[in-house]
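Numbered from 1 within each chain, the chains take letters A, B, ... in sequence-line order.
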Number of protein chains: 2
Amino acid sequence: MGITQPETVPEPKYWHLKTVLSEALDSEFAVGEILPNERELAARFGVARATLRQALEQLELEGRLQRRRGVGTTVAPPRTVVAVGDGERSWPGGGPEIWQPVDSAEAQPPHAVARALGVPSDDPVHVVRRIRRSHGQPVAAELLYVPAATLPATAALGTLAGAARARAVLRELQRLPLDGQDRSVELGSARADDAKKLDRLPGAPVLLVTTRYFAGGGTAAVSVATYRADTCRLTFGDTGGPGMQLLAG
Amino acid sequence: MGITQPETVPEPKYWHLKTVLSEALDSEFAVGEILPNERELAARFGVARATLRQALEQLELEGRLQRRRGVGTTVAPPRTVVAVGDGERSWPGGGPEIWQPVDSAEAQPPHAVARALGVPSDDPVHVVRRIRRSHGQPVAAELLYVPAATLPATAALGTLAGAARARAVLRELQRLPLDGQDRSVELGSARADDAKKLDRLPGAPVLLVTTRYFAGGGTAAVSVATYRADTCRLTFGDTGGPGMQLLAG
DNA sequence: CAGTGGTCTAGACCACCAT
DNA sequence: TGGTGGTCTAGACCACTGT
């Protein structure tokens, strides 16, 4: 018996398909262009529709494609670069108005949040909902959890509702001295309500950015921001060098 | 005709399945425990295997499950918290040895990297490969791109290979004054070689952390680190407050 | 309404792992 | 070798979008 090749492992069809499609997107399609529909593409490549969809799903995950039910599959623009924090410690709602307050109410936080806040899980906290847009498109939805104990003047909130109440909570936060903050990023899937706000289907991949705000020797607030993973690239508090703007293009 | 319910939209089966399984994982299974196999589970829930798999895929994406071919599906431990950078600007390879150099060679960078470095795409650069482990498991693979023009003493590399060469490149970097850096995170899917290093299948979801290092008025190096998205939660340069360790548990 | 992507089925075969 | 998850098929129906 002669020496043979190490038996080239057969590449899965959907993986090969993804490569082919990816190259075609680079060379033959413009941003925003509509691809042939899935049944057509599957036939053209000689595979089942499910197999084609596996390739499309990956490309959508990588931000190369955008699929909308009832409409079609389009070539996605490059990911939107969104800055998360500015490297400075600051309360949410302080700087320029990137986030748009939606409403606020009292509710019981999820267990993980309650643990981070150091409050009992059945203790209601203020929940502020905000949404972030970029170029008109919603890119993130945020839930900000603030224990009643954190706010100096809770009483004034009683008469407010909706966005006005949200703004009031954020305004109260600014009065506290902020000791520091803490940020983490992980992959998640969109809950039904976030998905709707982000114009996606439930379960869509999202980047979860969790920020803990420290004040008065404890965790004064926790923010969980849900960013669309398909369309966003997150940048973080940069220790800026010279000419960073020039290199951005 | 009477006033009717707004026709409750039927929740997809896989979505409901995911919820049921998720609750079962919380209450009835311990970390590391092996679930019944997919055919068994599908039968038990009265759905096709493909539908069950859709639910399992989501749970794996969220870091709740771990699936290994030929072995089975196990309950995953909480995500590993990995620190990305320390808030200080520093060259890679400077601090404590979190990353383990693998090898180094000259190669043509991907277009996107070449653009960031400001060099022609067909200009070979030094590519250093490193791997990062946490609790014995590989969590990230990195490609560090360094243009020849960045390094003061390239000649000495000629006789070196493998990890020794990688260490030499990193050592040379330390001699340069670092002006600043720049970091972004986005979702991607693992290339075949990275997937193998991370003990995953190609296409597995990963968090791509891109760092640009600025020196001498330009981009002196670019690092692209590929973190397992299913098992990692990334934390970033914290503007630390008091007691952050205490709250970690 | 016609056309799109999203969900679901009931099979089949394959690659991998432990035994 | 037997059992696991991974890939693939060829259908079907549903939910949503635009006209």
Item to check | salt bridge (charged side-chain N to carboxylate O under 4.0 Å, His left out) assessment of Asp194(A) paired with Arg191(A) | outcome: CA-CA 5 Å; Asp194(A) 286 333; Arg191(A) 300 193 331 274; 2.9 Å; yes
Whole Å only: how far is the [atom1] atom of [X] from the [atom2] atom of [N]?
| X | N | atom1 | atom2 | value |
| --- | --- | --- | --- | --- |
| Gln66(A) | dG6(C) | CD | P | 12 Å |
| Leu65(A) | dG5(C) | CG | C1' | 13 Å |
| Lys196(A) | dC16(D) | NZ | P | 9 Å |
| Leu201(B) | dC14(C) | CG | C1' | 13 Å |

Charged N to carboxylate O below 4.0 Å: is that the case for [X] and [Y]?
| X | Y | answer |
| --- | --- | --- |
| Arg200(B) | Asp230(B) | yes |
| Glu60(A) | Arg64(A) | no |
| Arg53(A) | Glu38(A) | yes |

State which of [options] makes the closest approach to the side chain of [X].
| X | options | answer |
| --- | --- | --- |
| Ala48(B) | dG6(D), dG5(C), dA10(C) | dA10(C) |
| Val71(A) | dG18(D), dG5(D), dG6(C) | dG18(D) |
| Val47(A) | dG6(D), dG5(C), dT9(D) | dT9(D) |

Checklist outcome for this item: Sorted by number, residues from residues 49-60 of chain B placing a heavy atom under 4.0 Å from DNA chain C are Arg49(B), Ala50(B), Thr51(B), Gln54(B)
Item to check | Inter-end axis angle, the helix from dC1(C)-dG18(D) to dA18(C)-dT1(D), with every axis fitted to five base pairs (rounded, 10 degrees) | outcome: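 Nearest ten degrees gives 10° for this helix.
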Item to check | Side chain Arg39(A) and base dG5(C) donor-acceptor under 3.5 Å | outcome: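 By the distance-only test, yes, there is a pair.
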Checklist entry - If you take atom types as modelled and just measure distance, does the side chain of Arg69(A) reach the base of dG18(D) with a donor-acceptor pair under 3.5 Å? => result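 Absent.
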Phosphate OP1/OP2 of [N]: any [X] side-chain N/O under 4.0 Å:
| X | N | answer |
| --- | --- | --- |
| Tyr14(B) | dT7(C) | yes |
| Thr73(B) | dT4(D) | no |
| Asn37(A) | dT4(C) | yes |
| Arg67(B) | dG6(D) | yes |

Checklist entry - Taking all non-hydrogen atoms of both residues, which atom of Ala141(A) and which atom of Lys197(A) are closest, and how far apart? => result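 That closest heavy-atom pairing would be CB-CE, 4.3 Å.
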Checklist entry - Which sits closer to the 5' end of DNA chain C, Glu38(A) or Trp15(B), going by the nucleotide each is nearest to? => result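 Per heavy-atom nearest nucleotide, the more 5' residue is Glu38(A).
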